[in-house]
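One structure is given below, encoded as structure tokens.
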Amino acid sequence: MKNFIKGCSRAVGIVAGFLPIAMSFGAVAIQSGLSQAQTAVMSMWVFAGASQFIVVEGIEQNLDALSLILTIWLINLRHIPMSLAAQKRYGRFGKIKHLLLCYGLVDETFVLESSEKPQSFAYYLGLHLCCWTAWVIGTIIGASFGELLPENWLKFALPGLFLCLLVDLVRQRWCREMALLLGIGTLLILTTQSFGSTGILLSIIAIAIAASQLLPQEDLL
Amino acid sequence: MNIWLVIFIAGIGNYLMRCVGAWVNSDRTQAKWLAQVPFAVILVMAIASLVSLIDVGNSDILTTLGALLASIAVIFSNLKKLPLIFSIAIGCVLFGIFNL
């Protein structure tokens with residue numbers, strides 16, 4: 001129980017970032033014609049921010065079901081290398097617990113967990129459950145109250161979280177090659193930004209390959 | 001179009017992609033570059049989320065300035081080893097002030 005609560009408290013930064021985005025999604029989904037039930041169930045079952053927004057956009061543009069599904073899958077292809085990289089962390093809990101944790105494997109939880117030493121199953125469960133709950137509750141609030149809610153203040157929470165984790169990681173592993181890698185990586189991300197989620201996937205793979213060549217081998221998982 | 005079906009199938013696909021690591025033999029997946037995926041994801045998400053934040057605000061000067069100052073404040077407070085939640089809160093307050 002102690003580890004579960006520790007995991008929940010570690011999720012506070014992500015929760016603060018999830019709420020405004022989930023509220024925006026809820027509001028936009030209702031405006032595009034989805035019912036409250038569809039909006040809430042999508043957040044519960046799909047649990048993937050960017051692709052949920054794409055579905056709403058696709059519905060507004062009258063895309064057919066097949067195109068919508070393929071687009072969502074394409075956007076979330078990055079989960080495959082993330083899942084492979086998380087294998088060491090979750091694999092030691094056994095198959096069923098591993099499969100349960102995979103449900104909460106999103107960018108934010110993956111990043112946070114990668115930045116710390118391996119923890120217990122209860123810790124990861126608390127972290128994932130808090131993030132999922134924040135996403136679902138945020139969606140329901142957004143779907144119910146729409147644009148009445150102020151969001152600006154919390155919009156920086158997720159970029160802030162990623163920046164903190166990046167600074168920690170760079171500080172731990174600083175070397176000349178790291179400076180070069182940060183420069184190349186930033187350029188690559190800015191260049192591929194226009195390709196949307198495909199660009200993000202390409203950037204992740206390219207930077208991981210470049211890092212494996214440039215940086216001293218170090219186990220982060 | 002049956003939106004319930006879209007949600008159901010999309011969710012299954014997402015979950016299967018998240019589970020790949022549970023089914024693939026771990027000996028085959030310990031490639032050198034996979035150990036660097038966490039670093040790559042953190043870097044990509046940090047830069048991409050900042051860029052999209054500026055885009056979402058229609059790139060007006062106050063949003064851009066707020067995002068820049070908030071980023072500097074977050075980096076500085078993190079270097080000073082303040083707790084994670086304080087660093088994020090400082091960034092949010094700064095960004096919020098510029099976007100009132």
Side-chain angles (χ1 to χ4, degrees), chain A residues 12-13 16 34 38 41-42 45-46 48 64-65 68-69 72-73 76-77 79-87 91 95 98-99 102-103 105 107 110-111 114 152-167 169 185-186 189 193 200 203-204 207-209 211-212 219-221, chain B residues 1-11 13-15 17-22 24 26 29-53 56 66-67 70-71 74-75 78-79 84-85 87-96 99-100:
Chain A
V12 170
L34 288 182
Q38 286 168 336
V41 169
M42 195 193 288
W45 179 231
V46 179
D64 59 282
L68 277 177
I69 291 166
I72 294 169
W73 287 352
N76 289 313
L77 271 178
H79 289 138
I80 294 176
M82 279 162 52
S83 173
L84 291 173
Q87 193 179 44
K95 190 73 87 187
H98 188 165
L99 288 172
C102 285
Y103 190 71
L105 183 69
D107 300 332
F110 175 79
V111 163
S114 300
N152 272 346
W153 286 67
L154 289 173
K155 270 185 185 166
F156 192 79
L158 282 184
L161 170 72
F162 290 131
L163 267 180
C164 285
L165 297 174
L166 180 64
V167 172
L169 202 60
T186 306
I189 297 160
Q193 185 81 8
I200 287 181
S203 299
I204 289 172
I207 292 169
I209 292 171
S212 68
D219 197 357
L220 287 170
L221 304 174
Chain B
M1 175 173 48
N2 187 342
I3 195 67
W4 287 109
L5 190 68
V6 171
I7 292 170
F8 180 69
I9 296 175
N14 271 358
Y15 181 63
M17 285 189 270
R18 286 172 180 157
C19 291
V20 168
V24 178
S26 60
T29 56
Q30 297 314 312
K32 207 174 154 193
W33 71 274
L34 272 177
Q36 305 292 348
V37 167
F39 168 74
V41 172
I42 291 173
L43 178 60
V44 170
M45 288 300 153
I47 307 287
S49 61
L50 272 176
V51 172
S52 71
L53 190 69
V56 166
S71 302
V74 165
I75 291 170
N78 197 257
L79 287 172
L84 181 71
I85 193 68
S87 301
I88 295 171
I90 290 168
C92 286
V93 169
L94 262 176
F95 184 76
N99 286 277
L100 279 176

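Below, chain A is the first sequence line, B the second, and so on; all start at residue 1. Owing to the predicted nature of the structure, the values given are computational and were not obtained by experimental measurement.
In this structure, the portions of A/Gln38 lying under 4.5 Å from any heavy atom of chain B include both its backbone and its side chain. The parts of A/Ile72 that come within reach of chain B are both its backbone and its side chain, each placing non-hydrogen atoms under 4.5 angstrom from that chain. Proximity to chain A (any heavy atom under 4.5 Å) is shown, for B/Leu79, by both the backbone and the side chain.
Looking at A/Phe156 and B/Ser71, their side chains come closer than 4.5 Å, going by heavy atoms from C-beta outward.
Across B/Ala46 and A/Leu166, no two heavy atoms sit closer than the pair CB-CD2, 4.0 Å. For the residue pair B/Phe39 and A/Leu169, the shortest heavy atom distance occurs at CD1-CD2, 3.4 Å. When all heavy atoms are compared, the tightest approach of A/Ser83 to B/Met17 is CB-O, 3.7 Å. The shortest non-hydrogen separation linking B/Arg18 to A/Leu105 is NE-O, 3.1 Å. A pairwise comparison of heavy atoms in B/Ser49 and A/Pro159 identifies OG-CA, 3.4 Å as the closest pair. B/Val6 approaches A/Ala65 most closely through the heavy-atom pair CG2-CB, 3.7 Å.
Heavy-atom pairs under 4.5 Å with chain A were tallied for B/Gly66, B/Gly11, B/Ala67, B/Ala89; the largest tally goes to B/Gly11. Interface remark: of the candidates B/Ile75, B/Ile88, B/Leu5, B/Ile88 forms the most heavy-atom pairs closer than 4.5 Å to chain A. When the candidates A/Leu99, A/Val12, A/Leu77 are compared by the number of heavy-atom contacts under 4.5 Å with chain B, A/Leu99 comes out ahead. Options A/Leu163, A/Leu34, A/Leu165 differ in how many heavy-atom pairs under 4.5 Å they form with chain B, and the most are formed by A/Leu163.
Atom CG in B/Asn14 sits 9.5 Å away from atom OH in A/Tyr103 (nearest 0.5 Å). Taken to the nearest 0.5 Å, the CD1 atom of A/Ile204 stands 10.0 Å off from the CG atom of B/Leu43. Atom CD1 of B/Ile9 is separated from atom CG of A/Leu68 by 11.0 Å, given to the nearest 0.5 angstrom. Rounded to the nearest 0.5 angstrom, A/Met42 CE and B/Phe8 CZ are separated by 14.5 Å. Distance check: B/Ile47 CD1 to A/Ile200 CD1 gives 12.0 Å after rounding to the nearest 0.5 Å.
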_Does B/Val44 form a side-chain contact (heavy atoms from CB on, under 4.5 Å) with A/Phe162? I'd like the steps, not just the answer._
CA-CA 9 Å; B/Val44 170; A/Phe162 290 131; over 6 Å; no
